[in-house]
Amino acid sequence: MNPDALAAHVAAILAALMQEGRLPSVDLPEVRMERPKNRDHGDYATNVALTLAKPAGLPPRDIATMLVEGLNAVPGVASAEIAGPGFVNIRLDSAAQGELARTVVAAGTDWGHGTSLAGRTVNVEFISANPTGPLHLGHTRWAAVGDAIARVLAAAGATVATEFYINDRGVQMDKFGASVMAAANGRPVPEDGYHGGYILDLAAAIVMARPDITSLPEDQQLIAFREAAYALQLKQQQQVLALFRTHFDVWFSERSLHESGAVERGMAKLREQGHVVEQEGAIWLRTTDFGDDKDRVLVKADGEYTYFASDTAYYVDKRARGFDLNIYLLGADHHGYVNRLRAVAACAGDDMDENVEVLIGQLVKITRGGEEVKLSKRAGTIVTLDDLVEEVGVDAARYTLARYPADSPLTLDLEEMTRATNDNPVFYVQYAHARIASVLRNADELGIDWQGAEFAPALLDHERENNLLGMIGEFPRIVASAAELREPHRVARYLEDLATAYHRFYDVCRVLPRSDEQLAPIHIARLWLCASARQTIANGLDLLGVSAPERM
RNA sequence: GCGCCCGUAGCUCAAUGGAUAGAGCAACCGGUUUCUACCCGGUCGGUUGGGGGUUCGAGUCCCUCCGGGCGCACCA
């Protein structure tokens with residue numbers, strides 16, 4: 001029996017009580033089945049009697065009494081009792097609980113996946129950097145968290161596309177080109193240009209590939225350098241993200257919006273809806289109609305489109321491509337965009353609460369042994385994604401970034417991220433996986449065919465087995481809540497608790513027969529439990545884009 | 001000035017309005033005759049920034065004050 005099935009029983013009992021007239025017929029609140037922190041409160045607990053008390057006009061304990069009566073008749077429920085103001089604490093038979101291991105092994109890599117977001121088509125846009133330099137820490141947080149959000153949404157049944165918006169248009173591209181050109185010609189980089197050491201590398205690479213470039217006239221040379229540097233820098237970003245296992249389904253160029261006519265189409269769409277006005281020679285979108293604090297310019301008085309015009313066109317384009325939910329993951333310095341992006345959706349005739357969602361990621365600070373690390377060898381200003389991966393590795397970087405909610409500022413220490421002990425949660429979780437894999441390997445070598453043997457779930461009645469099973473049973477709900485709340489850190493925190501539950505089990509419950517022992521049903525049952533724990537950890541790590549090693 | 005985010009143990013952080021606010025680190029004390037000790041058990045540690053409110057119940061919601069971060073372009 002899993003918690004959802006138990007919750008369904010509770011709902012059915014309450015519905016029956018209403019049918020019989022013992023409870024007034026009111027809207028049934030969502031039945032929440034919690035795993036109590038304090039195990040004295042049972043395997044599961046529900047507060048539904050408390051939430052039902054007010055609408056039903058009955059004391060919570062009276063409702064709980066009727067619920068307990070019904071629950072005690074449910075097969076698999078060992079006991080149900082009232083506690084405190086009206087909580088109902090439930091204990092399951094060990095057999096009912098142990099059956100879960102079979103469910104998990106049968107589900108395999110699908111275990112934990114659900115349908116709570118089935119039918120939703122979601123676009124997750126993140127990082128979306130200028131192709132004018134290496135990706136830095138601000139991008140890195142979203143590279144880990146954004147990718148994990150996309151994976152978790154997909155696990156909840158949504159159809160998900162990840163997208164990187166390349167800001168390849170506008171004056172910063174010219175500044176970038178001018179900087180590289182200056183470096184290639186041995187001149188100082190312009191004051192308002194890009195000054196990182198990588199500019200020199202780009203200049204050298206471009207001149208190497210195309211020695212005649214510096215003899216072009218200035219205006220042509222600027223364009224040639226700009227385009228060549230753009231191509232190289234974008235490729236570098238793509239390579240480091242691939243190395244980081246952050247996959248984008250679409251790399252969307254801002255320029256392409258202008259080249260394809262999408263900007264005109266977007267403008268037309270907004271005009272249709274009646275929120276485009278002309279004032280003082282410029283064309284504006286009246287975003288203040290929908291809660292923005294000022295209107296935004298689409299076309300400047302000189303006839304040039306603004307960046308904001310691209311944004312609106314991009315949104316309209318995404319909608320036209322069939323995404324009913326567009327999630328934007330932005331850095332803290334972009335929080336001013338939240339209202340404006342929501343207003344764009346509303347101006348396009350959409351529902352700003354349904355069709356668009358903007359998440360803000362706060363800053364990440366890096367320390368090494370307590371000292372803040374600011375300088376990057378290459379960029380000259382800030383720590384880059386390359387630097388981080390090089391120093392701590394992909395698994396540690398991804399996991400560490402993904403285990404904190406993105407909306408609070410974060411300080412990470414490089415030394416702690418690389419320590420290979422339980423100081424470091426990523427190793428702790430991975431170690432649990434490797435440890436189980438080792439036990440299963442040993443079982444195999446001993447010729448134990450646990451999958452073919454009779455599995456007696458009722459034997460898993462040790463407190464630590466019960467606890468481990470309970471933790472495993474939580475996984476689908478953890479995934480669903482991580483997706484619903486866009487908070488994949490919940491998966492990481494869960495995995496740490498699950499790993500602890502496994503280690504505690506392993507510490508006390510011998511899985512394989514010792515050399516002087518015969519193979520017994522308890523060994524088989526524990527192997528099923530091990531296999532289900534291993535599957536759950538592997539599936540959870542996969543949602544975070546972290547590897548689940550067989551050996552460590 | 002206006003707006004957004006944040007404030008929880010010495011440090012880094014959890015906690016979807018639920019029961020006694022939890023982990024890891026740091027400090028101290030223990031544990032393995034055989035499966036991975038990268039493990040397990042224990043001790044120490046809190047006025048959840050202050051104050052008020054909402055309710056059966058508030059770290060969580062509302063108001064206010066204090067402190068920190070960020071943003072307020074016909075730039076991109």
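Only heavy atoms go into these numbers, but all of them, side chains included; no hydrogens, no water, no symmetry mates. The sequence lines fix the lettering, A, B, ..., with proteins before strands; numbering per chain opens at 1.
A salt bridge between A:Glu227 and A:Arg255 is present, with a side-chain N of the basic residue lying under 4.0 Å from a carboxylate O of the acidic one.
In terms of position on RNA chain B, the residue among A:Met552 and A:Glu487 whose nearest nucleotide sits closer to the 5' end is A:Glu487. Comparing A:His489 and A:His335 along RNA chain B, the residue whose closest nucleotide (by nearest heavy atom) sits nearer the 5' end is A:His335.
Note that CZ of A:Arg340 is 7.0 Å distant from CZ of A:Phe308, once rounded to the nearest 0.5 Å.
The distance from atom CG of A:Leu50 to atom C1' of B:rU55 is 12 Å, rounded to the nearest whole Å. Rounded to whole Å, the distance from OH on A:Tyr502 to P on B:rA37 is 10 Å. Nucleotide B:rG71 holds its P atom 17 Å from the CG atom of A:Asn339, rounded to whole Å. The distance from atom CG of A:Leu412 to atom C1' of B:rC25 is 14 Å, rounded to the nearest whole Å.
Taking atom C1' in both B:rG52 and B:rA14, one finds a spacing of 28 Å when rounded to whole Å. Comparing the C1' positions of B:rG24 and B:rC40 gives a spacing of 15 Å, expressed to the nearest Å. Between the C1' atoms of B:rC25 and B:rC65, the separation comes to 34 Å (whole Å).
The aromatic ring of A:Phe87 stacks onto the base of B:rA19, its centre lying under 5.5 Å from the centre of the six-membered base ring with the two planes under 30° apart. Stacking here means ring centres nearer than 5.5 Å and ring planes tilted less than 30 degrees, and by that measure A:His41 stacks onto B:rA19.
One N or O donor and one acceptor, one from the side chain of A:Asn47 and one from the base of B:rG18, sit under 3.5 Å apart.
At B:rC75, one or more side-chain N or O atoms of A:Lys300 fall inside 4.0 Å of OP1 or OP2 (strictly under the cut-off).
Formation of a donor-acceptor pair under 3.5 Å by the A:Asp168 side chain with backbone atoms of A:Ser253 is not found in this model. Listed for the A:Arg477 side chain is a donor-acceptor partner under 3.5 Å among the backbone atoms of A:Met33.
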